[in-house]
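Each remark here refers to the structure printed beneath this line.
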Amino acid sequence: MLDAKLVRTQLNEVAEKLQKRGYQLDIEKIRALEEQRKVMQVECENLQQERNSKSKGIGKAKAAGEDIAPLLKEVENLKGALSQAESNLSAVQTELDDIVAGIPNLPADEVPEGKSEEDNVEVSKWGEPRSFDFEIKDHVDVGAALGGLDFDTASKLTGSRFAVMTGSVARLHRALIQFMLNTHTGEHGYSEIYVPYIVNKDSLFGTGQLPKFEEDLFKLNDDRDLYLIPTAEVPVTNVLRNEIIDENKLPLKFACHTPCFRSEAGSYGRDTRGMIRQHQFEKVELVQFVKPQNSVQALEDLTGHAETILQKLNLPYRKVILCGGDIGFSSTKTYDLEVWLPSQDTYREISSCSSFGDFQARRMKARFRNAETGKPELLHTLNGSGLAIGRTLVAILENYQQADGSIDIPEVLQPFMNGETCITVA
RNA sequence: GGAGAGGUGGCCGAGUGGCCGAAGGCGCUCCCCUGCUAAGGGAGUAUACCUUGAUCGGUAUCGAGGGUUCGAAUCCCUCCCUCUCCGCCA
């Protein structure tokens, strides 16, 4: 959420910055509502003040044993006027709040102009895509040949966009999780954290999935308004919702493995083959809470932590900065890491690292106490995938495939695979 | 699933209709005293918003949302959460 005061006082500047995202702010509407709000709020507060002071008078008169009947009469008229004023105000306030809650974050200055994915700008590239001297298979065929990846059974169990893994492939999948968590906690200073996979609406509002993106979520069918998490970002970031933490505890860095559940509504034709786009996938997520002045550097660091994983796995990738049109609702700046997929002859997203400034923190009321001033201030939040497990598995199956259909196991994963060095065709 | 207790400020904890944004204590900050790793005295110490040049001032907030009342932390209703005991269970 943007600062309501900023929206009010610098409406034109805000609108202009939002244009980069292709978001049209309804300036006139906001101005008009704001005008009304102001008048109504003052009116309402005046009436409340009057009521409060008269009520106090009644209390005193009663204590003094005086007749309070005339005083009661005086207040009588206030009641109607006040409740009218209150409902007027709350109607306008609600409308304004809804609008402000629906405004996306302002993109950072360095975010490039652009409408879509096509306009994202490559920042760097790492590794050389391997050249194959045999006919390569995509991960679906590699996995099938290994006897460890089965989409038919998954669709029998549940439906489309799910996978069943068995044997060494399942183990490799688990190894990736262990390897990533160990690396981030052991080398990058993150604390491991375990969280619920089901969250309430307040949490989803806090990180920005609600109210605008409900169709991306799986909602539980009971009367408690609970949802499956679409990413660990939601529970982990909301750990600090409605909290004020000591400045000396910052920065706070969490690494978290969870499954992620996404309904993928509106992506019917896309990536239907294989496990690129699933309703359920595993991810190791990195989340940081930092002081405002440190968030720019923190995004670079966090992205670097995700890159480290790709480098240790020796997977070629590139880093792009998302353009205004492709950046997420809550994000002020996002780097995507895209891994090389030989079967698609292109780079595909495997991690998305974002800085949110105080946008999420304001929605969540996540604050720290400034040791110098003693006053609470909004935190800055960041997160990034480090990495998406399913897609990493895909990348390994494809990049490490051999002519005989087997795959080599990256060295860093071998300790988690009982020392196995390759997975052979069943 | 059954029975009961409770949710108040950074923490503990009073408060069952008005003078309560909230006693008292702890913690913290500043000052005084004291010359030593003690103690004592004083002042201050929630958040958001409105107003203001800045103060002053005003409004709201005592788990959440409704209601009763001139007036609600206090009464009523609904919901959420925590704790204890029993049952069940990975």
Side-chain angles (χ1 to χ4, degrees), chain A residues 1-10 30-31 33-101 194-206 210-211 220 222-227 235 238-250 252 358-379:
Chain A
M1 200 158 59
L2 296 179
D3 183 359
K5 195 176 271 175
L6 183 78
V7 173
R8 195 188 315 148
T9 57
Q10 311 208 39
I30 292 175
R31 230 192 276 283
L33 284 170
E34 191 50 48
E35 199 76 18
Q36 290 180 52
R37 193 221 91 228
K38 209 164 188 171
V39 174
M40 288 174 179
Q41 182 165 340
V42 170
E43 187 194 353
C44 196
E45 290 188 357
N46 284 341
L47 286 167
Q48 284 170 329
Q49 181 185 358
E50 203 176 336
R51 178 205 59 196
N52 289 347
S53 68
K54 290 210 161 140
S55 290
K56 266 182 191 169
I58 292 174
K60 279 182 187 149
K62 206 170 168 188
E66 295 166 18
D67 179 18
I68 60 168
L71 292 170
L72 286 179
K73 203 164 243 174
E74 248 181 81
V75 178
E76 210 169 298
N77 298 327
L78 272 177
K79 253 190 129 178
L82 180 57
S83 70
Q84 185 61 51
E86 276 174 343
S87 70
N88 287 346
L89 176 61
S90 94
V92 173
Q93 191 70 60
T94 305
E95 200 174 341
L96 259 176
D97 288 348
D98 288 351
I99 290 174
V100 174
Y194 173 87
V195 293
Y197 302 158
I198 295 173
V199 292
N200 59 32
K201 282 191 151 177
D202 287 343
S203 294
L204 287 158
F205 180 84
L210 289 181
L220 265 51
D222 72 2
D223 50 13
R224 282 181 294 189
D225 276 344
L226 299 176
Y227 298 78
N238 276 279
V239 163
L240 288 193
R241 171 151 54 85
N242 288 326
E243 300 289 336
I244 302 173
I245 67 160
D246 287 342
E247 179 172 352
N248 60 29
K249 294 214 174 107
L250 297 171
L252 230 46
D358 60 14
F359 189 86
Q360 292 182 326
R362 185 173 295 103
R363 292 168 86 92
M364 293 192 298
K365 295 190 177 61
R367 294 165 292 179
F368 70 98
R369 194 170 296 280
N370 184 318
E372 219 165 290
T373 63
K375 293 288 172 197
E377 291 178 30
L378 292 169
L379 288 161

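Letters go in sequence order (proteins before strands), and every chain restarts at 1.
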If you compare all heavy atoms of A:Leu2 against all heavy atoms of A:Arg362, which two are closest, and at what distance to 0.1 Å?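 Nearest pair, atom of A:Leu2 first, then A:Arg362: C-NH1, 3.5 Å.
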Using a heavy-atom cut-off of 4.0 Å across all strands, would you classify [X] as base, sugar-phosphate, or nothing?
{"X": "A:Lys62", "answer": "base"}
{"X": "A:Lys79", "answer": "sugar-phosphate"}
{"X": "A:Arg362", "answer": "nothing"}
{"X": "A:Asn46", "answer": "nothing"}

Test item: A:Arg37 and A:Leu89 side chains (from C-beta on) under 4.5 Å apart, heavy atoms: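 A side-chain contact exists here, since the closest heavy-atom pair is under 4.5 Å.
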A side-chain contact here means heavy atoms from C-beta on lying under 4.5 Å apart; do A:Ile99 and A:Ile30 qualify?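 Yes; the side chains approach each other to less than 4.5 Å.
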Given atom [atom1] of [X] and atom [atom2] of [N], what is their separation to the nearest angstrom?
{"X": "A:Leu96", "N": "B:A48", "atom1": "CG", "atom2": "P", "value": "20 Å"}
{"X": "A:Asp202", "N": "B:C79", "atom1": "CG", "atom2": "P", "value": "18 Å"}
{"X": "A:Arg363", "N": "B:A48", "atom1": "CZ", "atom2": "P", "value": "19 Å"}
{"X": "A:Arg8", "N": "B:U51", "atom1": "CZ", "atom2": "P", "value": "7 Å"}
{"X": "A:Met40", "N": "B:A60", "atom1": "CE", "atom2": "C1'", "value": "18 Å"}
{"X": "A:Gln41", "N": "B:U51", "atom1": "CD", "atom2": "C1'", "value": "10 Å"}
{"X": "A:Glu50", "N": "B:U59", "atom1": "CD", "atom2": "P", "value": "11 Å"}
{"X": "A:Ile244", "N": "B:A46", "atom1": "CD1", "atom2": "C1'", "value": "8 Å"}

Measuring only the [atom1] atom in each nucleotide, how far is [N] from [M]? A whole number of Å is fine.
{"N": "B:U84", "M": "B:C19", "atom1": "C1'", "answer": "39 Å"}
{"N": "B:U47", "M": "B:G41", "atom1": "C1'", "answer": "32 Å"}
{"N": "B:A46", "M": "B:U29", "atom1": "P", "answer": "15 Å"}
{"N": "B:G21", "M": "B:U61", "atom1": "C1'", "answer": "9 Å"}
{"N": "B:U68", "M": "B:U55", "atom1": "C1'", "answer": "40 Å"}
{"N": "B:A23", "M": "B:A38", "atom1": "C1'", "answer": "30 Å"}
{"N": "B:C77", "M": "B:G9", "atom1": "C1'", "answer": "28 Å"}

Test side chain to side chain contact (heavy atoms under 4.5 Å, CB included) on A:Leu378 and A:Asp3; report intermediate values, then the result. CA-CA 11 Å; A:Leu378 292 169; A:Asp3 183 359; over 6 Å; no
[Y] and [X] side chains, donor-acceptor separation under 3.5 Å:
{"X": "A:Glu45", "Y": "A:Gln49", "result": "no"}
{"X": "A:Asn88", "Y": "A:Gln84", "result": "yes"}
{"X": "A:Asn200", "Y": "A:Ser203", "result": "yes"}

Kindly point out which of [options] is positioned nearest to the side chain of [X]?
{"X": "A:Ser55", "options": "B:C50, B:C70, B:U59", "answer": "B:C70"}
{"X": "A:Gln48", "options": "B:G18, B:A60, B:U51", "answer": "B:A60"}
{"X": "A:Glu45", "options": "B:C70, B:U47, B:G58", "answer": "B:G58"}
{"X": "A:Arg51", "options": "B:A48, B:C70, B:C50", "answer": "B:C70"}
{"X": "A:Gln49", "options": "B:U47, B:C70, B:G58", "answer": "B:G58"}
{"X": "A:Val75", "options": "B:C70, B:A48, B:U51", "answer": "B:C70"}

Between A:Lys54 and A:Lys375, just flag the one whose closest nucleotide in RNA chain B comes earlier from the 5' side.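 Residue closer to the 5' terminus by nearest nucleotide: A:Lys375.
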Kindly indicate, with the supporting measurements, whether the criterion side chain to side chain contact (heavy atoms under 4.5 Å, CB included) is fulfilled by A:Val199 and A:Asn238. CA-CA 10 Å; A:Val199 292; A:Asn238 276 279; over 6 Å; no
Kindly compute the distance separating NZ (A:Lys54) from CG (A:Leu71), expressed to the nearest 0.5 Å.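 Nearest 0.5 Å value for the NZ-CG distance: 9.0 Å.
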Enumerate, in order of first residue number, the stems that involve RNA chain B, defined as 3 or more consecutive Watson-Crick or G-U wobble pairs with both distances under 3.5 Å.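 RNA chain B forms these stems: B:1-7 with B:80-86, B:10-12 with B:24-26, B:27-32 with B:40-45, B:46-50 with B:57-61, B:63-67 with B:75-79.
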